[in-house]
Amino acid sequence: MIDDHPLYCDALASTLEHIFEAKTIKTATTLSEGLKLIGARFSPDLVMLDLKLPDVTGISGFLRLKSKIPDVPVLVISALTSVEVIQTLMTAGAAGFIPKDVSAKVLQSALIDVREGRKFLPPGYKQSSREPTDEPTAQQIAQKIADLTPQQSRIMKLICAGKPNKQIAYELSLAEATVKAHITALLRRLGVQNRTQAAVLVESASLEGAAGISDADARAFLSQ
């Protein structure tokens, strides 16, 4: 279970113990911590993942997790409940999506569905009928971000914060030439021409502030 709210984690753990009769439940507050828990000594039967984590941009964290455990169901929990966000996650392979404000009864239903191999979608969810376009999807953008190396991700965050190369070099204790080399590589990975385009691409994939927006706004937001 990966969620940066300890109290919510405890509540979910109790529900998991009841529904799954789980013998081992591990929790983490960041994606990095969660990925470190998964290895030869621990292979989970289910992962419950909060989208908004301190070290995650958009759904790139979900994609990184699925790439490590492709055969393990990942149940996403989030307050970001727009149709476009949910549809993007389900297309990317999520086992289900649970809004954070659901009742205990709905949560139990979701866990039972996933335990029995079914997909779970929140009550009232209707798939978007958006026409396909040539623009990159939110999933494709997030995959590009997920493919960045840890150092490139750190540099990208500083670029988004408006830091010049010299300041980035200082904060990361790197030579300025090394920073420039990393930026060249990450621009190539993201498929953009300059720092500004990279920052716009990353910000368009961020789910910060997407809770409560309309489906139309979410569609525009995710397709930027």
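Bear in mind the structure is a predicted one, so any value in this text is a computation, not a measurement. In this chain, residues are counted from 1 in sequence order.
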Mind checking whether [X] and [Y] have side chains closer than 4.5 Å, heavy atoms only?
X: Pro54; Y: Asp4; value: yes
X: Leu63; Y: Lys144; value: no
X: Leu53; Y: Ile2; value: yes
X: Val76; Y: Met48; value: no
X: Lys26; Y: Met1; value: no
X: Phe97; Y: Ile77; value: no
X: Gln167; Y: Leu158; value: no
X: Leu46; Y: Leu111; value: yes

Nearest 0.5 Å please: distance from the [atom1] atom of [X] over to the [atom2] atom of [Y].
X: Ile155; Y: Asn165; atom1: CD1; atom2: CG; answer: 8.5 Å
X: Asp3; Y: Thr27; atom1: CG; atom2: OG1; answer: 9.5 Å
X: Ile69; Y: Leu65; atom1: CD1; atom2: CG; answer: 4.0 Å
X: Lys100; Y: His5; atom1: NZ; atom2: NE2; answer: 5.0 Å
X: Asp113; Y: Ile98; atom1: CG; atom2: CD1; answer: 9.5 Å
X: Arg195; Y: Ile159; atom1: CZ; atom2: CD1; answer: 5.0 Å

Full working for side-chain contact (heavy atoms from CB on, under 4.5 Å) between Leu51 and Leu89: CA-CA 10 Å; Leu51 279 186; Leu89 287 163; 3.8 Å; yes
Worked check of side-chain contact (heavy atoms from CB on, under 4.5 Å) between Arg64 and Leu31: CA-CA 9 Å; Arg64 286 175 60 192; Leu31 181 70; 3.6 Å; yes
Stepwise salt bridge (Lys or Arg N to Asp or Glu O under 4.0 Å) test for Lys157 and Asp55: CA-CA 10 Å; Lys157 286 183 179 179; Asp55 57 343; over 6 Å; no
Distance-minimising heavy-atom pair for Ala95 and Val114: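 Here Ala95 and Val114 meet closest at O-CG2, 4.1 Å.
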Smallest separation among heavy atoms of Phe42 and Thr24, with atom names: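 Looks like CE1-CG2, 4.0 Å.
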Co-membership, hydrophobic cluster, residues Tyr170 and Leu174, 4.5 Å side-chain: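 Per the 4.5 Å side-chain linkage, Tyr170 and Leu174 are not co-clustered.
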Connected via hydrophobic side-chain network under 4.5 Å: Val74 and Leu37: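 No; tracing contacts between hydrophobic side chains, which count when under 4.5 Å, never links both residues.
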Working for side chain to side chain donor-acceptor pair (under 3.5 Å), residues Gln87 and Thr91: CA-CA 6 Å; Gln87 186 169 319; Thr91 300; 5.3 Å; no
NZ/Lys68: more than 12 non-hydrogen atoms of other groups inside 6.0 Å: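 Count over threshold, so yes.
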Carboxylate-amine/guanidinium contact Asp45 Arg115, below 4.0 Å: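 So Asp45 does not pair with Arg115 through a salt bridge.
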Val72 vs Lys66, side-chain contact (heavy atoms from CB on, under 4.5 Å): CA-CA, chis, key distance, verdict: CA-CA 8 Å; Val72 175; Lys66 283 299 291 182; 5.9 Å; no
Member of Ile168, Leu172, Val179 meeting the side-chain contact (heavy atoms from CB on, under 4.5 Å) criterion with Lys163: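 Of the listed residues Ile168, Leu172, Val179, the side-chain contact (heavy atoms from CB on, under 4.5 Å) partner of Lys163 is Ile168.
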Flag, side chain of Glu33 to backbone of Thr29, donor-acceptor distance under 3.5 Å: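 Yes, the answer is positive, given that a donor and an acceptor are paired below the 3.5 Å cut-off.
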Sidechain-backbone polar pair: Ser173 side chain, Ala169 backbone, donor-acceptor under 3.5 Å: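 No; zero donor-acceptor contacts below 3.5 Å.
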